[in-house]
A.B. asks: 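Structure incoming, see below.
As the structure is a computational prediction, the values presented were derived from the model and not from experiment. In listed order, ligands and their atoms are each counted from 1.
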Amino acid sequence: MDASEELQVALRAAREAGSIAAEHAGTDFRNDAETDSKSSANDLVTAVDRECEQRITDVIAESFPDDRVVGEENETGVTGEGREWIVDPIDGTSNFATGYPYYCISIGLRIDGEGVVGVVHSPDTALGRTWYAAAGEGAYRSDDHTLEGEPISVSEHDTLAGSMVFARLSERSRAWLASDLAVATTLLERESMVRRPGSSALNMCQIADGSADGYVVLSINDWDVAAGEVILREAGGAFRDQLAGDGSREVIASNGSIQKDLEELVDTVVGERHD
Ligand code: IPD
Ligand code: CA
Ligand code: CA
């Protein structure tokens, strides 16, 4: 499939949302009257998340009126059928909402459940980079937010020792925290460098461009990883996605070379928790 139009539309939508986010960058949204918390005090949604999602939905609908758009804030689910745009209007909302410059806009397109396009755009008020990919066309990163980026590929680091691995320490669910801590502890014991910066989409892109090696997250939603999966696979990485016990996704992603070690570690540490 020639996905060049889809890629252009996804980039336009991401950049427009990125401009909205950038206008408010550095603001402390925690006590804003329009900020709500979802599952916990650390699970925020700001007026800017909602405005970004609306803009992205409008831009996609202008070009592809028959496509379904599933956004984090519109509370619809992924069906795995037909053309579905899967949108995280701001990934790293807690960072954005406290003024910490580490967040992005993430837009993926799946057709019948298969990822075909991914765009992850971090505006200049955050990392100032855009990663993108279309299935079969390679993965790219651009510092000027155009489709004229440089090809990217995963690292060749092949041991857990010395690897840079993103883990999660759940800020929102005590039920997951013990498992998260067990995974992070074991990674540290195996001499991985463990990081938890707070944006799944950026984690995936940084593995794709070789600046990190792996990512383990025991419970996550489709919009956190839909774009990143396409970018990572196109950059040569590996991605294991399983249903977690509560209906969310468990994802293990990497440069491929440490995938088996990460999978074994998670399966051993967390044990028989899948349905
Ligand atoms: C969150 C981030 C974070 C992950 C959380 C996600 P949000 O998304 O991706 O890295 O640990 O599980 O919910 O709320 O900032 O869009
Ligand atoms: Ca997210
Ligand atoms: Ca979000």
A.B. asks: Taking atom types as modelled and ignoring hydrogens, do the side chains of Asp49 and Thr46 form a donor-acceptor contact shorter than 3.5 angstrom?
C.D. replies: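 There is such a pair between these side chains.
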A.B. asks: Can a side-chain donor-acceptor contact be found between Ser94 and Tyr100 if the only test is distance below 3.5 angstrom?
C.D. replies: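 Not at all, the side chains of Tyr100 and Ser94 share no donor-acceptor pair under 3.5 Å.
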A.B. asks: How close does the nearest protein non-hydrogen atom get to atom 5 (C) of ligand 1, and which residue and atom is it?
C.D. replies: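 Checking every protein heavy atom, the shortest distance to atom 5 (C) of ligand 1 gives Arg172 NH1, 4.1 Å.
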A.B. asks: Heavy atoms, side chains only, cut-off 4.5 Å: are Trp223 and Val87 in contact?
C.D. replies: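 Counting from C-beta outward, Trp223 and Val87 never come under 4.5 Å.
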A.B. asks: Specify the protein heavy atom at minimum distance from atom 6 (C) of ligand 1: its residue, its atom name, and the distance to 0.1 Å.
C.D. replies: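 Nearest neighbour among protein heavy atoms for atom 6 (C) of ligand 1, to 0.1 Å: Asp224 OD1, 3.8 Å.
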A.B. asks: Is there a donor-acceptor pair closer than 3.5 Å between any side-chain N or O of Glu34 and the backbone N or O of Ala47?
C.D. replies: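 Side chain of Glu34 to backbone of Ala47, a donor-acceptor pair under 3.5 Å: no, none is there.
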A.B. asks: Examine the proximity of ligand 1 to Ala201 and report which part, side chain or backbone, both or neither, has a heavy atom under 4.0 Å away.
C.D. replies: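 For Ala201, no heavy atom sits under 4.0 Å from ligand 1.
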A.B. asks: Heavy atoms only, cut-off 4.0 Å: how does Asp91 contact ligand 1, side chain, backbone, both, or neither?
C.D. replies: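 Contact part for Asp91 vs ligand 1: both backbone and side chain.
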A.B. asks: Please determine whether Glu72 has a backbone or side-chain N, O or S atom lying under 3.0 Å from the Ca ion (ligand 3).
C.D. replies: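 Under 3.0 Å: Glu72 contacts the Ca ion (ligand 3) through an N, O or S atom.
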A.B. asks: Under 4.0 angstrom from ligand 1, any heavy atom of Ile90?
C.D. replies: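 The answer is yes: ligand 1 sits under 4.0 Å from a heavy atom of Ile90.
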A.B. asks: Which one of Ser155, Ser254, Ser163, Ser192 satisfies the side chain to side chain donor-acceptor pair (under 3.5 Å) criterion with Asp213?
C.D. replies: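 Exactly one pass, corresponding to Ser155.
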A.B. asks: Mind checking whether Tyr132 and Tyr140 have parallel, tilted or perpendicular rings, split at 30° and 60°?
C.D. replies: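 Plane angle under 30°, so parallel.
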A.B. asks: For atom 12 (O) of ligand 1, which of Val45, Asn221, Ile220, Thr93 has the closest heavy atom?
C.D. replies: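 Selected option, by shortest heavy-atom distance: Ile220.
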A.B. asks: Should Ser63 and Gln8 count as side-chain neighbours, where that means a heavy-atom distance under 4.5 Å?
C.D. replies: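 The answer is no, as the side chains (C-beta and beyond) never meet within the 4.5 Å cut-off.
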A.B. asks: With respect to the Ca ion (ligand 3), what is the nearest N, O or S atom of Asp88?
C.D. replies: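 Atom name returned: OD1.
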A.B. asks: Kindly give the atom name of the N, O or S atom of Asp224 closest to the Ca ion (ligand 2).
C.D. replies: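 The Ca ion (ligand 2) is closest to the Asp224 atom OD1, counting only N, O or S.
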A.B. asks: Closer than 3.0 Å to the Ca ion (ligand 3), do we get an N, O or S atom from Gly92, backbone or side chain?
C.D. replies: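 No, Gly92 does not qualify, because none of its backbone or side-chain N, O or S atoms lies under 3.0 Å.
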A.B. asks: Going by the order shown, which atoms of ligand 1 are within less than 4.0 Å of some heavy atom of Arg168?
C.D. replies: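 Numbered from 1, ligand 1 contributes 11 (O).
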A.B. asks: Would you say the Ca ion (ligand 3) has Asp91 as a near neighbour, meaning an N/O/S atom of that residue under 3.0 Å away?
C.D. replies: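 It does not: Asp91 brings no N, O or S atom closer than 3.0 Å to the Ca ion (ligand 3).
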A.B. asks: Going by the order shown, which atoms of ligand 1 are within less than 4.0 Å of some heavy atom of Ser199?
C.D. replies: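 In order of numbering, the contacting atoms are 9 (O), 10 (O).
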A.B. asks: Please test Ser19 against Arg55 for side-chain contact (heavy atoms from CB on, under 4.5 Å), starting from the C-alpha separation and ending with a verdict.
C.D. replies: CA-CA 11 Å; Ser19 298; Arg55 180 67 62 88; over 6 Å; no
A.B. asks: Go through Thr186 and Val266 one step at a time and tell me if the side-chain contact (heavy atoms from CB on, under 4.5 Å) criterion holds.
C.D. replies: CA-CA 9 Å; Thr186 311; Val266 171; over 6 Å; no
A.B. asks: For the pair Glu84 and Arg68, find out whether any cationic side-chain nitrogen is under 4.0 Å from an anionic carboxylate oxygen.
C.D. replies: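 A salt bridge links Glu84 with Arg68.
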A.B. asks: Report, in ascending order of atom number, the atoms of ligand 1 lying under 4.0 Å from any heavy atom of Asp88.
C.D. replies: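 By the 4.0 Å cutoff, the relevant atoms are 16 (O).
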A.B. asks: Does the distance from a Lys or Arg side-chain N to an Asp or Glu carboxylate O, for Asp222 and Arg110, drop under 4.0 Å?
C.D. replies: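 Yes, this pair counts.
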A.B. asks: Say whether Gly92, considering both its backbone and side-chain N or O atoms, lies within less than 3.5 Å of an N or O atom on ligand 1.
C.D. replies: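 In this structure, Gly92 places an N or O atom under 3.5 Å from an N or O of ligand 1.
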A.B. asks: Using heavy-atom distances, let me know which of Ser200, Ala97, Pro197, Pro89 sits nearest atom 4 (C) of ligand 1.
C.D. replies: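 Among Ser200, Ala97, Pro197, Pro89, the closest heavy atom to atom 4 (C) of ligand 1 belongs to Ser200.
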A.B. asks: May I ask you to list the atoms of ligand 1 that are less than 4.0 angstrom from any heavy atom of Gly198?
C.D. replies: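 Ligand 1 atoms under the 4.0 Å threshold to Gly198: 2 (C), 3 (C), 10 (O).
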